[in-house]
Amino acid sequence: MKQPIVIIGIGEIGAVLAHGFLRLGHPVYPITRSMPMSAEAAQIPEPALVIVAVGEADLHPTLAQLPDAWKTRVALLQNELLPPDWEQHGLIDPTVISVWFEKKRGQTVKIVVPSPVYGHNAALLAASLNALDIPHYLVHDHAELLFELVRKNYYILVSNIAGLRVGGTVSTLWAQHSALVEALAHDVHALQQYLTGKTLDHAELLQAMLVAFAGDPEHPCMGRSAPARLQRAIQIADTAGLAVPTLRDIAASRS
């Protein structure tokens, strides 16, 4: 019997990964909200991997309760994820995947671009993706990982928040509203530099975001989380004392 895989939060993405690991012969143990993690860790003290597949809003409460026995085995996959999110919980170098595939109930997996995977358990996570023919690639250092996480944040924040103003798809967003995209990307860049404490390459990140736009041109801009993303961005900007004029203009137009 292969080592078990623990998945905290069995939503659509968690279920996709569970399917991949089951194909590889790993027993998979789901952890739901009603299950105390400390008790489960006593029963499964040495899983091969602990995938935290909860949504962004539940990430910090989940990591705060994570049993010590599981902390060295964690894999993270949330949107708007950056190193300070795991460092504040004492996690050192977790496995991380920037998920660039989408799974909605009743639909097959849709690929946007290949998903980068990082960390000492990256090969195991990649094997589950291989089992499902989901394209991916390994990244090998912190700088490359940070670029990939910020690239995803550009994509999520720019497309979602722009969608609050103009709707549409990512292809029409860039074709018809490129000035809005560039202005929002400038504001998002300021937020990401503040959150990471790093100097980031804006031009390279913008081009990488546009590659993702082209990967799924009919992807709708505005998801359900868009208003919350905008509100969170404004709160961060207020804390940091950042101007972010386009973000503030969109927020003001909705108040």
Side-chain angles (χ1 to χ4, degrees), residues 1-22 24 26-101 103 115-129 136 138-142 144-146 148-150 152-153 156 192 195-197 225 228-229 232 235-236:
M1 179 72 72
K2 293 185 177 181
Q3 277 182 285
I5 306 294
V6 170
I7 302 183
I8 303 172
I10 296 292
E12 295 295 332
I13 298 300
V16 169
L17 296 175
H19 186 194
F21 282 113
L22 289 170
L24 296 175
H26 288 271
V28 174
Y29 292 87
I31 306 296
T32 66
R33 292 177 187 271
S34 63
M35 300 167 68
M37 283 189 282
S38 57
E40 301 305 322
Q43 298 295 318
I44 315 167
E46 295 185 350
L49 195 62
V50 177
I51 301 173
V52 179
V54 299
E56 298 101 293
D58 292 323
L59 176 62
H60 289 288
T62 300
L63 294 183
Q65 299 175 51
L66 199 68
D68 289 341
W70 287 355
K71 286 186 175 180
T72 60
R73 307 164 192 269
V74 164
L76 303 174
L77 51 73
Q78 286 68 28
N79 289 327
E80 296 190 57
L81 182 68
L82 291 169
D85 291 310
W86 64 75
E87 291 168 353
Q88 66 183 277
H89 296 284
L91 298 181
I92 300 172
D93 228 19
T95 299
V96 179
I97 175 172
S98 182
V99 174
W100 284 101
F101 56 90
K103 175 66 172 73
S115 298
V117 189
Y118 167 88
H120 62 277
N121 279 318
L124 177 59
L125 189 52
S128 76
L129 300 176
H136 60 277
L138 300 181
V139 298
H140 301 287
D141 61 59
H142 291 161
E144 192 176 3
L145 171 64
L146 182 62
E148 294 293 352
L149 293 175
V150 175
K152 183 67 179 292
N153 293 347
I156 291 290
Q192 299 297 296
L195 290 170
T196 62
S225 300
R229 294 192 197 285
R232 188 159 53 244
Q235 289 170 346
I236 294 167

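Since this is a predicted model, take the numbers as computed values, not measurements.
At distances below 3.5 Å, not a single donor-acceptor pair connects side-chain atoms of Asp58 with backbone N or O atoms of Gly55. Using modelled atom types, one side-chain atom of His26 and one backbone atom of Gln3 make a donor-acceptor pair closer than 3.5 Å. In this structure, Asp141 contributes its side chain and Glu144 its backbone to a donor-acceptor pair below 3.5 Å. A distance-only check finds no donor-acceptor pair linking the side chain of Arg229 to the backbone of Ile156 [under 3.5 Å]. With hydrogens and angles disregarded, no donor-acceptor distance shorter than 3.5 Å links the side chain of Ser98 to the backbone of Leu149. The backbone N or O of Pro27 sits nowhere less than 3.5 Å from a side-chain atom of Lys2 that would complete a donor-acceptor pair.
Checking Glu80, Glu148, Gln192 one by one against Asn153, the side-chain hydrogen bond (donor to acceptor under 3.5 Å, both in side chains) holds for a single residue, Gln192.
Using a 4.5 Å heavy-atom cutoff, the side chains of Ile51 and Ile8 are not in contact. Between Thr196 and Leu146, some side-chain heavy-atom pair lies under the 4.5 Å cut-off.
For CD of Glu46, the number of neighbouring non-hydrogen atoms (other residues, nucleotides, ligands) closer than 6.0 Å is 12 at most.
Taking all atoms of both residues into account, the shortest heavy-atom contact from Phe101 to Leu129 is CE2-CD2, 4.1 Å. The minimum heavy-atom distance linking Leu138 with Ala122 is given by the pair CD2-CB, 3.8 Å. Of all non-hydrogen atoms in Thr95 and His120, the two that sit nearest each other are OG1-N, 3.9 Å.
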